[in-house]
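Here the structure is a predicted model, which is why all the values come from computation and not from measurement.
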Amino acid sequence: PHLSPLLYTSMAYAAGAWGRWLTMPAALRPSRGAGGVGWWFRTMTPYGAQNMVMMASTQLDVVLLAALWLTPIPGGVAAYALAMRVYYAAPMPLDALSSALLPRFVERPGQHRRTAIVGTVAGTLIAASSAALFAWIAPMFGYSEAIVHQLRVSLLILSFSFLARCMAYVLGALVTAQGRQRTRLFSATGSLTVMVTLDLILIPHHGLIGAS
C-alpha cells in the first residue's frame, strides 16, 4: 500500500512481457543464427511501434478528460468518461472475431476478404446498437439527468466513428496477416496525429462535443 502505483504498473508490464517471451515460438526469438538480431529488430519494429501507437490512442481519453476539466460542463467529465468506456467496450467482440479469423487470413487471405468486410459491417451495427441501448437504460443505473444527457450527446457523435473502430479490428487483422505491418503502422500513426490535432482545435472551443 505504500508503493507507487507506477511501480505496480511497471511490474504488470514486466510480467506481461515475460509471459509473451515464454509463449513466443523459438523461431521468432532474436538469435545469432538465421537472420540475426538485426533482422529480428527490422522485422518486429513496425509491429511493436504500431502497438505503441494503438496504446497511445486508447490512452488519449485520459488527456481529453483533463482538457474537459478545464472547460467544465455540468456532468460533462463523468459523462465523457462513461461514453468512452462504452465506445471501447462495444466493439470488443470483434477483437475476438478477428483473432479467430487470423489463421484463415494468413493461409488464404484473398478468400476471406469478403468475410472481413461483412464482419466489419455487421459488427458495426451490433456495436452501435449496444451503445444506443446503454444510453437508453443509463438512468436505471442512477446517473443524474445532466450526465445522461451529455452521455447521449457524446455517444451520438461517437457512433459515426464506430465503423472506423470496427475496421481497425477485423480489416486490421487481414492487413496484419498479409505481413503489411508498415502499412498498418502508417495508418495508425496518421489517425492518431489527426485525432490529437482535432482535439487541440475543437476541445477549447466546443468542450464535450468537440472531444466526442
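By the criterion of side-chain heavy atoms lying less than 4.5 angstrom apart, applied directly or through intervening Ile, Leu, Val, Met, Phe, Trp or Tyr residues, L163 is grouped together with I117 in one hydrophobic cluster. L158 and L202 end up in different hydrophobic clusters when Ile, Leu, Val, Met, Phe, Trp and Tyr side chains are linked at under 4.5 Å.
Not a single side chain to side chain contact (heavy atoms under 4.5 Å, CB included) links T23 to another residue, sequence neighbours left out. Residues meeting the side-chain hydrogen bond (donor to acceptor under 3.5 Å, both in side chains) test with S154, sequence neighbours left out: S212. Partners of V118 according to the side chain to side chain contact (heavy atoms under 4.5 Å, CB included) rule, which considers only residues two or more places apart in sequence or in another chain, are R114.
Grouping Ile, Leu, Val, Met, Phe, Trp and Tyr by side-chain contacts under 4.5 Å, direct or through others, puts V153 with I157, I209.
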Mind listing the side-chain donor-acceptor pairs of residues 77-88 below 3.5 Å, one per line with the distance, residues two or more places apart or on another chain?
from	atom 1	to	atom 2	distance (Å)
R85	NH1	D61	OD2	3.4
R85	NH2	D61	OD2	3.1
Y87	OH	S161	OG	3.3
Y88	OH	S57	O	3.4
Y88	OH	T58	O	3.3

Which atom pairs, one a donor and one an acceptor, fall under 3.5 Å between side chains of residues 126-151 and the rest of the protein, sequence neighbours left out?
from	atom 1	to	atom 2	distance (Å)
S129	OG	L125	O	2.7
S130	OG	I126	O	2.8
S144	OG	I147	N	3.4

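Of all heavy-atom pairs between T197 and T193, the closest is OG1-O, 2.8 Å. Counting all heavy atoms, side chain and backbone alike, G210 lies closest to I203 at C-CG1, 4.3 Å.
From Y8, atom OH reaches atom CE of M11 across 7.0 Å, with rounding to the nearest 0.5 Å. The NE2 atom of H205 lies 10.5 Å from the CG atom of L200; values are rounded to the nearest 0.5 Å.
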